[in-house]
Amino acid sequence: MKYVFFDFDGTISNTYEGCARILKKTFDKYGVEMDESNYRKFIGPPLSETFIKYIGEEKAYEAVSYFRELYVGEKAIYMSKLYDGVADMLSSCHNMLGIKTGVATCKKHEEALHLLEYFGVKDDIDYVSGLVYNKRETKAQVLDYALKNLGVTAKDCVMVGDTIYDVEGAEEIGMDCILCLWGFGDYEKIHNKNVIFSAKTPNDVTEFVKRNYSDKI
């Protein structure tokens, strides 16, 4: 059995509008002048890393709480949508022989579960490992948690993601990665050896998984 883990922000869903809106309010609250052209690179990595860097370690988790409060309270969480073709990708992979599907994300665990249900794709995901503060925050930690709970090795899995954080997180634990070119990544700078395929569309992911991971009849 092979597990295919999908990132959330920038891979399953375009969450830019809602995240950018609340990032601006958070940076403004803490007096950080930030060009909005930089916001894309903050979507996907743990918020704590971004806020430690730009707001400071002392206030970082307070800023995370502020962001989360507004993100849900102002319904910015719903200012996102599935990328075209993603629902079919998840369904197709889920229904392949020998394949299990998972989500491995640095989005808060409860938010990922809620949005998968909101988007109507929860039934096509067999396992979710999301961020839990002070327990698992980096992509490597999120993936490692999933592997231990599922009783599988990194070699039995592949990560599907759009940023260097997905690639490096997978690489850290010895997992291959399919790079999605429709998200938030700085693709020209990603040359890691564990990137085994670059997908221009969700259908490209489906076909690659079918050829290389599924049990063929």
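As the structure is a prediction and not an experimental result, all values here were calculated from the model.
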Novice: What side chain to side chain donor-acceptor pair (under 3.5 Å) pairs are there with at least one residue in residues 96-107, not counting sequence neighbours?
Specialist: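 Every side chain to side chain donor-acceptor pair (under 3.5 Å) pair that includes a residue of residues 96-107, provided the two are not neighbours, is D9-K107, Y71-K107, T101-D126.
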
Novice: With side chains defined as the heavy atoms from C-beta onward, is the minimum distance between Y165 and D7 less than 4.5 Å?
Specialist: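 They are not in contact (no side-chain heavy atoms under 4.5 Å apart), so the answer is no.
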
Novice: Before you tell me yes or no, could you show the steps for F5 and V103 under side chain to side chain contact (heavy atoms under 4.5 Å, CB included), namely the whole-Å CA-CA distance, both residues' side-chain angles and the distance that decides it to 0.1 Å?
Specialist: CA-CA 5 Å; F5 289 104; V103 167; over 6 Å; no

Novice: Just wondering, do L97 and S214 contact through their side chains at under 4.5 Å, heavy atoms?
Specialist: no

Novice: For a quick test of reading the model, state the closest non-hydrogen atom pair linking F67 to C19 and the distance between them.
Specialist: CE1-O, 3.8 Å

Novice: Under the 3.5 angstrom rule, does the side chain of N95 hit a backbone N or O of S91 as a donor-acceptor pair?
Specialist: yes

Novice: Return the minimal non-hydrogen interatomic distance between C177 and V167, and the atom names on each side.
Specialist: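 Heavy atoms only, the tightest pair is SG-CG2, 3.9 Å.
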
Novice: For a quick test of reading the model, state the closest non-hydrogen atom pair linking M175 to M159 and the distance between them.
Specialist: SD-N, 3.7 Å

Novice: Distance check, rounded to the nearest 0.5 Å: W182 atom CH2 versus K200 atom NZ?
Specialist: 12.5 Å

Novice: Taking the side chain from S13 and the backbone from G10, do they hold a donor-acceptor pair closer than 3.5 Å?
Specialist: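 Between the backbone of G10 and the side chain of S13 there is no qualifying donor-acceptor contact (under 3.5 Å).
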
Novice: Transitively linked via ILVMFWY side-chain contacts under 4.5 Å: L147 with V128?
Specialist: no

Novice: CG of L82 to CG of N14: how many Å apart, nearest 0.5 Å?
Specialist: 10.5 Å

Novice: Which residues pass the salt bridge (Lys or Arg N to Asp or Glu O under 4.0 Å) test with E172, not counting sequence neighbours?
Specialist: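 Checked E172 against salt bridge (Lys or Arg N to Asp or Glu O under 4.0 Å); zero matches.
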
Novice: I want to check something: taking the side chain as every heavy atom from C-beta on, are D162 and Y83 in contact at a cut-off of under 4.5 Å?
Specialist: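 Side chain of D162 against side chain of Y83, heavy atoms only: no contact under 4.5 Å found.
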
Novice: Is there a side-chain contact between S198 and Y187 (heavy atoms, below 4.5 Å)?
Specialist: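 No, every pair of side-chain atoms sits at 4.5 Å or beyond.
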
Novice: May I have the step-by-step check of side chain to side chain contact (heavy atoms under 4.5 Å, CB included) for H94 and I125, ending in yes or no?
Specialist: CA-CA 7 Å; H94 180 258; I125 300 297; over 6 Å; no

Novice: Do F6 and C93 touch side chain to side chain, with heavy atoms closer than 4.5 Å?
Specialist: yes

Novice: How long is the span from the NZ atom in K139 to the CG atom in D144, to the nearest 0.5 Å?
Specialist: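 The distance works out to 13.5 Å.
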
Novice: Between F197 and L179, is there a side-chain heavy-atom distance shorter than 4.5 Å?
Specialist: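 No. Closest side-chain heavy atoms not under 4.5 Å.
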
Novice: State yes or no: do L90 and I178 share one hydrophobic cluster built from I, L, V, M, F, W and Y residues joined by side-chain heavy-atom distances below 4.5 Å, directly or via other members?
Specialist: yes

Novice: Whether the D156 and T153 side chains hold a donor-acceptor pair (N or O, under 3.5 Å, no angle test) is what I'd like checked.
Specialist: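 Distance-only check passes for D156 and T153.
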
Novice: Is it the case that the ring center of Y78 lies less than 6.0 angstrom away from the ring center of H114?
Specialist: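 Yes, the ring centres sit under 6.0 Å apart.
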
Novice: Under a 4.0 Å N-O cut-off, is there an ion pair linking K25 with D28?
Specialist: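 Answer for the salt bridge query: no.
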
Novice: Could you measure the distance from the NZ atom of K24 to the CG atom of L70? Nearest 0.5 Å is fine.
Specialist: 13.0 Å

Novice: Could you tell me whether the side chain of V158 reaches within less than 4.5 Å of the side chain of I196, counting heavy atoms only?
Specialist: yes

Novice: Can you name the closest pair of heavy atoms from A76 and I22 and give their distance?
Specialist: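 Heavy atoms only, the tightest pair is CB-CG1, 3.6 Å.
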
Novice: Quick one: does D204's side chain have a donor or acceptor within less than 3.5 Å of a partner on T201's backbone?
Specialist: yes

Novice: Could you give the distance from CD1 (I190) to CG (N192), rounded to the nearest 0.5 Å?
Specialist: 7.0 Å

Novice: Inspect the surroundings of CD in E110 and state if more than 12 heavy atoms from other residues, nucleotides or ligands are less than 6.0 Å away.
Specialist: yes

Novice: For residues I173 and A140, report the shortest heavy-atom separation together with the two atoms involved.
Specialist: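 In this case the closest contact between I173 and A140 is CG2-O, 4.1 Å.
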
Novice: Taking atom types as modelled and ignoring hydrogens, do the side chains of D166 and T163 form a donor-acceptor contact shorter than 3.5 angstrom?
Specialist: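 Distance-only check passes for D166 and T163.
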
Novice: So, are E74 and R21 salt-bridged, with charged N and O less than 4.0 Å apart?
Specialist: yes

Novice: Would a single hydrophobic cluster contain both M89 and Y118, if residues Ile, Leu, Val, Met, Phe, Trp and Tyr are joined by side-chain heavy-atom contacts under 4.5 Å?
Specialist: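 Looking at the clustering, M89 is in the same group as Y118.
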
Novice: Under 4.5 Å between side-chain heavy atoms, counting indirect links through other Ile/Leu/Val/Met/Phe/Trp/Tyr residues: same cluster for V195 and V4 or not?
Specialist: no

Novice: Mind listing the side-chain donor-acceptor pairs of residues 37-54 below 3.5 Å, one per line with the distance, residues two or more places apart or on another chain?
Specialist:
unit_1: S37; atom_1: OG; unit_2: D35; atom_2: OD1; d: 2.9
unit_1: R40; atom_1: NH2; unit_2: G183; atom_2: O; d: 2.9
unit_1: S48; atom_1: OG; unit_2: E137; atom_2: OE1; d: 2.9

Novice: So does C106 get a backbone contact from the side chain of H109, meaning a donor-acceptor N/O pair under 3.5 Å?
Specialist: no

Novice: Look up atom CG in L131 and atom OH in Y133, then write down how far apart they are to the nearest 0.5 Å.
Specialist: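 Here the rounded value is 5.0 Å.
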
Novice: Less than 4.5 Å apart, any side-chain heavy atom of V152 and any of C157?
Specialist: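 Yes, side chains in contact.
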
Novice: Considering non-hydrogen atoms only, spot the tightest contact between R68 and E111 and give its length.
Specialist: NH1-OE1, 2.8 Å

Novice: Under 4.5 Å between side-chain heavy atoms, counting indirect links through other Ile/Leu/Val/Met/Phe/Trp/Tyr residues: same cluster for I77 and V86 or not?
Specialist: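 Yes; tracing contacts between hydrophobic side chains, which count when under 4.5 Å, links both residues.
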
